[in-house]
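Taking it in order: structure first as structure tokens, then the write-up.
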Amino acid sequence: MRKMMAGTGWKMNNSVAETLRYAETLAAWSAGRDLSALDLFVLPPFTSLHAARTALSNTPVAIGGQNMHWDASGGWTGEISAAMLCEAGCRYVELAHSERLQHFGETYAAVRKKLDTAMHAGLTPILCLGETAPEKAAGRADAVLEAQVLTALAGQGAKHIPDVVLAYEPRWAIGGAEAATPDYIAERHGRLRETLHAHYGKAAAARTRILYGGSVTPENGPAILAVEDVDGLFVGRAAWQAEGFIRIIEVVADAARTRRPQG
Ligand code: PGA
């Protein structure tokens, strides 16, 4: 059984003061609720990690970084190491978000090194995968996704693959007006799981979680979660306020209650 997830990447939003308000709202809402069926996370900006960690310490909501460097230390101005994220209380690190690829020239070859470092540090990588609009139009989505995932996971043994969380985030759907349709998501997630099966075996494929992200809302979430291969939602705009994230968590919790065991 794959544990379902609800998470949000805040991108360059939420100051320390805003983070404290967000986290306090979330902590008050989650107090006394049984959320043990889910893995929940927020990815604040680096400067808000400490505040988030402190204010969420008695909640089931974990925190993570939005990026990190592959090296342990040294002359990498502006970068953050895996150990620094761990020290700040992170359980997760997001890698290969499309905005990192598009605006900062990040490549999956670099992501492979980051992922390896993250795994050794005990962080859970949230590995983003997604095709661009032209790649989709050319019918190349699955080939692109396969190349991305195999590049990023190269060198990892099959038994470690379920320690990575995959996030299918079509680049054309991020920050847009509409999410991908459930049918389209079902095809991409299904093919990704087949790729994992072919390269890492049945057990790894059955146990690895694949989230969907890209214009998710509380309204479209239930139909996306009705897709059997979708193991949770990874949300931007709709969860930048605590109230929005709470609605997303409720949607995922509902889906987890009704889901049949897989794997
Ligand atoms: P969005 O962002 O939900 O605002 O489209 C998703 C993401 O960037 O992960």
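Here, residue 1 is the first one in the sequence, and each next residue gets the next number. Each ligand, and each atom within it, is numbered from 1 in the order the structure gives.
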Q. According to the interplanar angle, ranging from 0 to 90°, do the rings of His189 and Tyr168 count as parallel (below 30°), tilted (30 to 60°) or perpendicular (above 60°)?
A. perpendicular
Q: Using distance alone, decide if ligand 1 has a nitrogen or oxygen within less than 3.5 Å of any nitrogen or oxygen in His97.
A: yes
Q | Short side-chain to backbone donor-acceptor contact, Asp229 and Ile210, under 3.5 Å | A | no
Q) Under a 4.0 Å N-O cut-off, is there an ion pair linking Asp116 with Lys113? A) no
Q) Of all the non-hydrogen atoms in the protein, which one sits nearest to atom 4 (O) of ligand 1, and at what distance? A) Arg237 NE, 2.6 Å
Q) Within the side chain of Thr8, is there an N or O that forms a donor-acceptor pair under 3.5 Å with the backbone of Val235? A) yes
Q.
Tell me whether Ala238 reaches ligand 1 (any heavy atom closer than 4.0 angstrom to a ligand atom).
A. no
(Q) Quick check on the 6.0 Å ring-centre criterion: do Phe245 and Trp240 meet it? (A) no
(Q) Judged on heavy-atom distance to atom 8 (O) of ligand 1, which of Arg171, Glu169, Lys11 sits nearest? (A) Lys11
Q: Could you tell me whether Gly236 and ligand 1 have an N or O pair separated by under 3.5 Å?
A: yes
Q) Gly175 heavy atoms, cut-off 4.0 Å: which ligand 1 atoms fall inside? A) 1 (P), 5 (O)
Q.
Would you say the ring centers of Trp172 and Tyr184 fall short of 6.0 Å from each other?
A. yes
**Q.** Close N or O approach (Val235, ligand 1; < 3.5 Å)
**A.** no
